[in-house]
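Let me begin by presenting the structure, written as structure tokens, before commenting on it.
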Amino acid sequence: MADPSTYRPKTSDIPTDPGVYRFIDEDDRVIYVGKAKNLRQRLVSYFQDVAYLHPRTAQMVTSASRVEWVVLSTEVEALTLEYQWIKEFDPRFNVMYRDDKSYPYLAVTTAETYPRAMITRNAHRRGNRYFGPYTQVWAIRHTLDSLLHTFPVRTCSPGVFRQAERSGRPCLLGYIDKCSAPCVGRISVEDHRELALELCSFLDGDTGRHIRAREKDMKEAAAALDFERAARLRDDVEALTRVVEQNAVVLPDRTDVDVFGLVADELEASVQVFHVRGGRVRGQRGWVTERVENLDDAGLMTALLLQVYGEQGENRLLRGSRDLPAGQARSVDDRTHTPTTAIPREIIVPVLPDDAEALLAWLEERRGARINLHLAQRGDKRRLAETVHENARQALARAKIKRSGDITQRAKALEDLRDGLGMETAPLRIECFDVSHTQGTHQVASMVVFEDGMPRKSDYRHFIIRGDNGEGARDDTAAMAEVLRRRLARVVEGSRDVDEDAVSGAIDPDTGRVKKFAYRPHLIVVDGGLPQVNAAQTVVDELGVDVAVIGLAKRLEEVWVPGEDFPVIFPRSSAALHLLQHVRDESHRFAISHHRKRRSKAMTRSQLDAIPGLGPAKQKGLLDRFGTVAAMKTATVEDLATAPGIGSAFAQRIYDHFHPSEEDGTDSTR
């Protein structure tokens with residue numbers, strides 16, 4: 001591990017111009033590429049005391065052995081060179097939205113004399129049209145099979161085509177009308193090419209024109225009493241309509257727009273993009289990547305846009321992550337091999353990227369026209385952006401669940417926890433606690449349980465924070481201490497009646513089984529830093545329970561241990577850190593959901609709840625009859641008795657509640 005001071009350039013030698021820089025390790029590998037408006041200001045920030053750097057940045061500068069830079073005249077040139085260097089050197093400390101899978105495409109070989117439709121995973125060839133990508137081959141086969149009835153272009157290989165030419169007989173597809181059989185001269189070269197171009201036009205999204213044309217021909221054939229042709233055209237219209245109906249209109253103005261969603265935590269980032277063309281979602285792609293680079297959301301968005309709108313035809317860039325029916329795929333231009341609608345006139349992002357002006361100029365230069373790069377504020381586009389954001393959030397959650405569901409990863413995570421925390425055995429039962437409230441009101445806490453690295457939801461618990469006076473705790477630290485005291489008291493209670501060599505939990509006399517809430521955890525995780533950890537350890541010591549306590553702070557995902565001045569730093573790629581983060585996020589979600597329910601219930605409580613015997617059904621009857629509580633207060637006993645389910649005696653009780661006697665001295669408006 002190198003000392004950054006050994007290769008730090010003189011400050012006076014670093015120019016103040018815009019440019020691109022790269023850090024190189026001792027094996028001459030480029031490990032990081034970045035750009036800056038002011039090279040001197042940016043590079044000097046890397047050579048401060050390593051202790052003050054972000055952990056990821058510190059790891060990068062200590063892995064490098066030298067730094068080089070190139071001065072450029074504009075920020076747009078710097079942006080272009082940064083993208084080219086990242087593409088060329090593949091630096092390990094740059095965020096890369098990448099997928100190792102090879103996705104299949106639907107290709108139309110328009111460069112051939114007789115174009116054919118085929119499924120391919122190979123690199124795009126000049127002159128062909130490509131649609132996709134798809135994640136499953138069967139999805140393309142289903143799409144192609146549906147369209148061959150309407151657009152019967154050839155799908156056979158060159159060998160089969162030549163054999164049919166020599167024999168003068170078409171293949172089976174020619175006999176069942178799924179191929180126009182150009183091999184035997186049933187269709188001319190020009191007409192077959194026109195048929196292939198119509199297929200490409202439909203896949204590009206021009207669906208309405210083809211459906212309307214066939215509907216018109218169908219009506220003309222029916223009027224001419226050519227019912228056989230009319231029936232074939234009817235079937236074509238139904239097939240094309242089914243394909244189109246699989247994708248509903250999301251933007252009524254038929255605009256072309258790419259909508260991005262981004263959800264990130266300290267370790268990973270999840271991105272989704274919907275490609276909307278003509279108001280319909282024509283494609284959807286998603287990525288989940290590790291945050292190897294110290295970037296905020298704006299920086300992540302810059303890296304994403306650079307790669308998505310770079311040379312998209314290259315195999316190294318991400319492929320799509322969802323099967324889409326025909327008419328929803330993106331096509332590839334014959335000359336550039338990039339999607340013909342790759343950069344639309346409007347791009348909606350969840351957060352404006354770094355150097356937005358330079359990035360916008362770079363995008364407009366590539367598109368050759370103006371682009372509107374903005375955040376969605378209202379209306380249909382705002383709702384669509386929220387949908388994309390939810391897709392990104394769920395993708396990140398699925399990635400975490402998939403990782404936790406891997407038994408090998410779970411075992412490794414538990415072993416890493418044991419080694420990192422210096423525990424004698426792996427923590428097979430982990431309990432995490434989190435406190436939630438609104439400015440000190442409606443305080444609640446959650447307890448989530450993970451056993452063998454997996455959530456055990458049947459053991460989840462909620463707590464209502466009471467405090468010393470029954471109105472809640474003074475602060476989060478006091479609330480955490482109260483929750484842990486109530487939780488661990490069950491362990492202490494059960495340990496008095498159970499042999500230590502058996503199991504640490506109380507026995508239910510009715511079932512003869514150990515009570516779930518009495519199990520002793522091996523590790524307690526609290527959401528917070530050193531103050532919360534010390535408060536938790538005080539309770540553990542007070543009750544004399546043998547259990548390890550740690551805290552997970554959100555800022556840098558550092559792990560705090562009681563009595564230690566410095567946190568334990570797990571590697572970013574550590575399975576243990578991913579497990580702790582999953583546990584913490586689950587406890588936070590569980591606490592928030594309970595807090596919202598409690599707060600909502602408190603906000604909807606009415607003065608009617610204070611009347612004994614007045615349940616929800618009778619309250620509804622009163623509100624249906626009078627509309628408001630204020631109207632009930634002015635009503636007489638006779639009027640109240642007219643409400644459904646309210647008799648004269650109950651009406652008197654309600655009246656007395658709203659009109660207390662003078663001797664009572666209470667305020668009826670409370």
Side-chain angles (χ1 to χ4, degrees), residues 18-20 33-37 70 72-90 94-99 105 123-133 204-205 255-262 271-278 282-285 287 295 298-320 329-375:
V20 182
V33 172
K35 70 177 185 308
K37 296 180 182 178
V70 173
L72 298 165
S73 58
T74 65
E75 291 182 50
V76 177
E77 290 181 2
L79 199 66
T80 303
L81 182 59
E82 180 197 25
Y83 168 72
Q84 292 175 350
W85 275 3
I86 291 176
K87 180 178 62 177
E88 177 181 355
F89 298 114
D90 193 13
N94 281 91
V95 170
M96 299 295 292
Y97 299 93
R98 182 166 44 202
D99 192 347
Y105 280 76
H124 296 164
R125 296 182 179 180
R126 187 176 298 276
N128 294 341
R129 301 290 299 275
Y130 293 86
F131 304 89
D204 268 334
T255 187
D256 293 346
V257 57
D258 283 351
V259 186
F260 288 86
L262 171 66
V271 178
Q272 290 279 321
V273 56
F274 281 15
H275 301 289
V276 180
R277 301 296 181 266
R282 303 299 184 188
Q284 174 187 358
R285 293 189 291 166
W287 307 266
L295 293 176
L300 289 171
M301 186 55 59
T302 300
L304 173 68
L305 295 178
L306 276 175
Q307 293 193 53
V308 169
Y309 297 124
E311 297 183 20
Q312 298 190 22
E314 297 186 6
N315 293 333
R316 68 181 298 277
L317 292 182
L318 279 172
R319 303 307 186 191
R330 58 188 180 91
S331 66
V332 178
D333 186 82
D334 297 345
R335 301 177 303 277
T336 64
H337 295 189
T338 57
T340 56
T341 53
I343 306 182
R345 62 184 177 183
E346 185 176 3
I347 300 173
I348 295 176
V349 293
V351 58
L352 289 177
D354 284 337
D355 302 329
E357 294 182 1
L359 181 62
L360 183 60
W362 179 78
L363 291 170
E364 291 178 344
E365 181 180 328
R366 296 184 67 82
R367 184 175 187 267
R370 293 187 62 84
I371 295 175
N372 183 15
L373 178 66
H374 66 102
L375 280 66

(message) Quick one, Leu79 with Glu365, criterion side chain to side chain contact (heavy atoms under 4.5 Å, CB included). Give me CA distance, side-chain angles, the key distance, then yes/no.
(response) CA-CA 12 Å; Leu79 199 66; Glu365 181 180 328; over 6 Å; no
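With contacts defined as side-chain heavy-atom distances shorter than 4.5 Å, the pair Leu375/Val349 qualifies. Between Ile347 and Leu363, some side-chain heavy-atom pair lies under the 4.5 Å cut-off. Counting only heavy atoms from C-beta outward, the side chains of Trp362 and Leu306 approach each other to under 4.5 Å.
Counting all heavy atoms, side chain and backbone alike, Asp354 lies closest to Thr302 at N-OG1, 2.9 Å. Of all the heavy atoms in Pro344 and Asp258, the pair that sits closest is CD-OD2, 3.4 Å. Taking every heavy atom of both residues into account, Arg367 and Ile343 meet most closely at NE-O, 2.8 Å.
Pro350 is linked by a side chain to side chain contact (heavy atoms under 4.5 Å, CB included) to Phe260, Leu262, Met301, counting only residues two or more places apart in sequence or in another chain. The side chain to side chain contact (heavy atoms under 4.5 Å, CB included) check on Glu364 picks up Leu360, Arg370, Ile371, with sequence neighbours excluded. Residues meeting the side chain to side chain contact (heavy atoms under 4.5 Å, CB included) test with Leu72, sequence neighbours left out: Val20, Val70, Glu77, Ala78, Leu81.
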